[in-house]
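Notes to accompany the following structure.
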Amino acid sequence: MRFSATAALLLGTLSLANPIPEPLDIGPDDVLDPNTIPVDIGATIITGPPALLNLGTGGVSAGGKREPIPAPISEEAEHELVARDRSKDQQRGLKLHNQARRVKGIPKLTWDKQLAADALAWAQHLAQTGKFEHSSNESRPGQGENLAYSYSSTPITRPIASGTKLWLAEESNYHGEAIPEGNFAAYGHYTQCLWKASTKIGIAAVQDSKGAWYTVARYGPAGNVIGQKPY
C-alpha cells in the first residue's frame with residue numbers, strides 16, 4: 001500500500017529578548033494527525049513560539065509607513081485591483097482570516113501589497129537557505145509574522161490555506177488571557193490572526209528544491225502586544 005505523509009511546522013515571531021530556537025527536524029516516524037491537511041495519512045503539527053510585541057513605556061511600536069497613502073478609490077474598484085494581485089491560495093488565506101474575525105465581531109483584514117512583498121522576500125530566503133527561522137525584528141519594524149512549513153509526498157496545492165487553518169486551529173487553546181499569560185506558545189498564532197488592531201495582511205509561500213513549502217504571513221500593525229488581549 002502506498003502512503004504519503006505531510007509535515008507541517010509552525011513558528012511565530014519572538015521579541016528581541018527571546019532567542020530564536022533551532023529549526024526542528026521532522027522524520028517519517030512522527031505521529032500524524034489525519035484531520036489537518038487532506039493527504040493520505042495526515043500531518044504532523046509542531047508549534048513554535050508565536051509573535052510577541054513589547055511596546056515598552058512609550059506605548060508606540062517601532063517603524064512607520066513605507067509609502068505614501070494613495071488617493072482614495074471606491075471599495076469595489078479597490079477590491080478588483082487588489083484581487084488581481086493575489087493568487088487563489090492567497091485569497092483563500094485572507095478569507096479564512098476574515099471568516100474567523102467576523103465570528104468575533106472584529107473588522108476584516110485588508111490585503112497589503114507591501115506586506116505581501118515582504119512576506120515573499122522572506123519566504124524566498126527560507127526556501128533558498130533551507131532554514132526555518134524568523135526574520136529579525138529590525139528588518140520588519142511594526143510587522144507581525146507567522147510562519148508555516150509543510151512537506152508532503154503528494155502535491156500540496158494550497159500551502160497558504162493549509163498554514164492559515166493550522167494557525168486558526170489554536171483557538172481552542174486560547175481562553176481570554178492577556179498576552180502572554182497561560183500557554184502562549186499554544187495560542188499565539190491564533191491571537192495574531194485575530195488581533196483587532198492589526199488591519200492589513202500579506203501572505204506568500206515558496207517551494208524549495210526538495211518540494212517543501214515555506215509560508216510567511218505579515219501583519220500590520222503587529223499583534224500580540226504584551227499585557228493586551230486580541231479582542
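All figures in this text were calculated on a predicted structure; none of them were measured in a lab. The first residue in the sequence is number 1, and the count goes up from there.
Judged as a side-chain hydrogen bond (donor to acceptor under 3.5 Å, both in side chains), and not counting sequence neighbours, T164 has no contacts. Y187 pairs by the side-chain hydrogen bond (donor to acceptor under 3.5 Å, both in side chains) definition with nothing, not counting sequence neighbours. In this structure, the side chain to side chain contact (heavy atoms under 4.5 Å, CB included) partners of A217, at least two apart in sequence or on a different chain, are N146, W167, I203, Y219. With sequence neighbours left out, the salt bridge (Lys or Arg N to Asp or Glu O under 4.0 Å) criterion links K229 to no other residue. Scored by the side chain to side chain contact (heavy atoms under 4.5 Å, CB included) test, T199 finds P221 as partners (sequence neighbours excluded).
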| request: Any chance you could lay out the side chain to side chain contact (heavy atoms under 4.5 Å, CB included) test for W111 and I201, step after step, and finish with the verdict? | output: CA-CA 5 Å; W111 189 260; I201 188 174; 4.3 Å; yes
| request: Could you check L94 against R86 for side chain to side chain contact (heavy atoms under 4.5 Å, CB included), going step by step and ending with a plain yes or no? | output: CA-CA 10 Å; L94 175 62; R86 300 197 305 261; 3.8 Å; yes
| message | Run the side chain to side chain contact (heavy atoms under 4.5 Å, CB included) test on W122 and R140 for me, step by step, so that the C-alpha distance in whole Å, both residues' side-chain angles and the decisive distance to 0.1 Å come before the verdict. | response | CA-CA 10 Å; W122 190 244; R140 49 176 172 79; over 6 Å; no
| task | Give the C-alpha distance, both sets of side-chain angles, the deciding distance and a yes or no for side chain to side chain contact (heavy atoms under 4.5 Å, CB included) between L194 and Y231. | result | CA-CA 7 Å; L194 271 72; Y231 46 79; 4.0 Å; yes
Can you give me every donor-acceptor pair (side chain of residues 174-186, partner residue at least two apart or in another chain, under 3.5 Å) with its distance?
{"residue": "Y174", "atom": "OH", "partner": "E177", "partner atom": "O", "Å": "2.7"}
{"residue": "E177", "atom": "OE1", "partner": "H175", "partner atom": "N", "Å": "3.0"}

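Taking OG of S162 as the reference point, atom CG of D89 lies at 7.5 Å (rounded to 0.5 Å). Atoms NZ and CG, from K196 and L109 in turn, are 13.0 Å apart once rounded to the nearest 0.5 Å. In this structure, the separation between CG on L126 and NZ on K131 is 10.5 Å, given to the nearest 0.5 Å. Annotation: the span from E133 atom CD to H125 atom NE2 amounts to 5.5 Å, rounded to 0.5 Å. Atom CD of Q192 is separated from atom CD of E170 by 11.5 Å, given to the nearest 0.5 angstrom. Atoms OG and CD, on S139 and E145 in that order, are 7.5 Å from each other to the nearest 0.5 Å.
The aromatic rings of F132 and Y214 sit tilted, their planes meeting at an angle between 30° and 60°.
Of all non-hydrogen atoms in L115 and G220, the two that sit nearest each other are CD1-N, 3.8 Å. Here the closest heavy-atom approach between residue P159 and residue T215 is recorded as O-OG1, 3.6 Å. Of all non-hydrogen atoms in H97 and L168, the two that sit nearest each other are N-CD1, 4.4 Å. Across every non-hydrogen atom of P230 and W195, the tightest pair is CA-CE3, 3.3 Å. Minimum interatomic distance between I160 and A205 (heavy atoms only, all atoms of both residues): CG1-CB, 3.7 Å. When every heavy atom of G223 is checked against every heavy atom of S198, the shortest pair comes out as N-OG, 3.8 Å.
Apart from L120 itself, the hydrophobic cluster it occupies contains V206, where clustering links Ile, Leu, Val, Met, Phe, Trp and Tyr at side-chain heavy-atom distances under 4.5 Å.
Screening residues 92-105 for salt bridge (charged side-chain N to carboxylate O under 4.0 Å, His left out) gives K104-E171 as the qualifying pairs, with residues at least two apart or on separate chains.
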